[in-house]
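Structure, as structure tokens:
All ligand and atom numbering here is 1-based and tracks the order in the structure.
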Amino acid sequence: MSLYSLAFLLCFSLICEPCVQAWSKEGHTMTCKIAQDLLKPEAAHAVKMLLPDNVNGDLSALCVWPDQVRHWYKYRWTSSLHFIDTPDKACSFNYQRDCHDSHGIKDMCVAGAIQNFTNQLSHYRHGTSDRRHNMTEALLFLAHFMGDIHQPIYVGFTSDEGGNTIDLRWFRHKSNLHHVSVGY
Ligand SMILES: *[C@@H]1O[C@H](CO)[C@@H](O)[C@H](O)[C@H]1NC(C)=O
Ligand SMILES: *[C@@H]1O[C@H](CO)[C@@H](O)[C@H](O)[C@H]1NC(C)=O
């Protein structure tokens, strides 16, 4: 082992062991901070209007909200929107084939959700108020799901259940790939 890789491993173990538990929250917070800084003025204004007053215009403060509510009765319909399961060994994603929930209901996956909430928000931008949908929720879902779809473990084979069925050892502990990469 070279000195370089030893140094890398040391840094990795020192820095990353304590932060594993918080990866999910940290990951979403970072994604949203970066995204909000890149908004054009018109979009930045719309985001500020949609956020509740208590976060002082900081989108990242609410980017984990969809994870907090996904098991509540009212939001149970959103739980399949966090990921995509592809057929085992299919190393590709096909929207028609793969974007559905476990009951086969079409569009109920993270790619469908991104389209859905983008579409809802694009109408908000044009000033037509949408009485059927809550635009604040649409913004929080879109910001969160853009993070989820870029986390590799969220788009994977059906039988590995997002890495939950892939056992491994993490430092001295028995764990699984989902837990280690996502943090819960
Ligand atoms: C789109 O959002 C609405 C709520 O605003 C929801 O009822 C519907 O199930 C969503 N569909 C997808 C694919 O996200
Ligand atoms: C929209 O959703 C947010 C978050 O769930 C909620 O606090 C707010 O009251 C809702 N707004 C409307 C108009 O229902």
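Here His144 and His82 bring their ring centres to under 6.0 angstrom of each other.
Within ligand 2, the atoms closer than 4.0 Å to a non-hydrogen atom of Trp65 are 5 (O), numbered from 1 in the order shown. Short contacts between ligand 2 and Tyr75, defined as distances under 4.0 Å to a heavy atom of the residue, involve ligand atoms 5 (O).
In terms of hydrophobic clustering, with Ile, Leu, Val, Met, Phe, Trp and Tyr side chains grouped at heavy-atom distances under 4.5 Å, Tyr73 and Met108 are assigned to different clusters. A continuous path of Ile, Leu, Val, Met, Phe, Trp and Tyr side chains, each step under 4.5 Å between heavy atoms, connects Ile114 with Met135, placing both in one hydrophobic cluster.
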(message) Run the side chain to side chain contact (heavy atoms under 4.5 Å, CB included) test on Asp85 and Asp160 for me, step by step, so that the C-alpha distance in whole Å, both residues' side-chain angles and the decisive distance to 0.1 Å come before the verdict.
(response) CA-CA 9 Å; Asp85 281 341; Asp160 71 40; 6.0 Å; no
Would you tabulate the polar-atom pairs, meaning N/O of ligand 1 against N/O of the protein, with distances under 3.5 Å, reported to 0.1 Å?
{"unit_1": "ligand 1", "atom_1": "2 (O)", "unit_2": "Asn116", "atom_2": "ND2", "d": "2.4"}
{"unit_1": "ligand 1", "atom_1": "2 (O)", "unit_2": "Gln120", "atom_2": "NE2", "d": "3.0"}
{"unit_1": "ligand 1", "atom_1": "5 (O)", "unit_2": "Gln120", "atom_2": "NE2", "d": "3.0"}
{"unit_1": "ligand 1", "atom_1": "5 (O)", "unit_2": "His133", "atom_2": "ND1", "d": "3.0"}
{"unit_1": "ligand 1", "atom_1": "11 (N)", "unit_2": "Asn116", "atom_2": "ND2", "d": "2.8"}
{"unit_1": "ligand 1", "atom_1": "14 (O)", "unit_2": "Asn116", "atom_2": "ND2", "d": "2.8"}

Check residues 95-103 and write down every donor-acceptor pair under 3.5 Å in which the side-chain atom is one partner and the other belongs to a residue at least two apart or another chain.
{"unit_1": "Tyr95", "atom_1": "OH", "unit_2": "Asp107", "atom_2": "OD1", "d": "2.8"}
{"unit_1": "Arg97", "atom_1": "NH2", "unit_2": "Ser92", "atom_2": "O", "d": "3.2"}
{"unit_1": "Asp98", "atom_1": "OD2", "unit_2": "Asn94", "atom_2": "N", "d": "2.9"}
{"unit_1": "His100", "atom_1": "NE2", "unit_2": "Arg97", "atom_2": "O", "d": "3.2"}
{"unit_1": "Asp101", "atom_1": "OD1", "unit_2": "His103", "atom_2": "N", "d": "2.9"}
{"unit_1": "Asp101", "atom_1": "OD1", "unit_2": "Gly104", "atom_2": "N", "d": "3.1"}
{"unit_1": "Asp101", "atom_1": "OD1", "unit_2": "Ile105", "atom_2": "N", "d": "2.9"}

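Apart from Phe157 itself, the hydrophobic cluster it occupies contains nothing, where clustering links Ile, Leu, Val, Met, Phe, Trp and Tyr at side-chain heavy-atom distances under 4.5 Å. Under a 4.5 Å side-chain heavy-atom criterion applied to ILVMFWY residues, the cluster that includes Ile34 comprises Leu38 as well.
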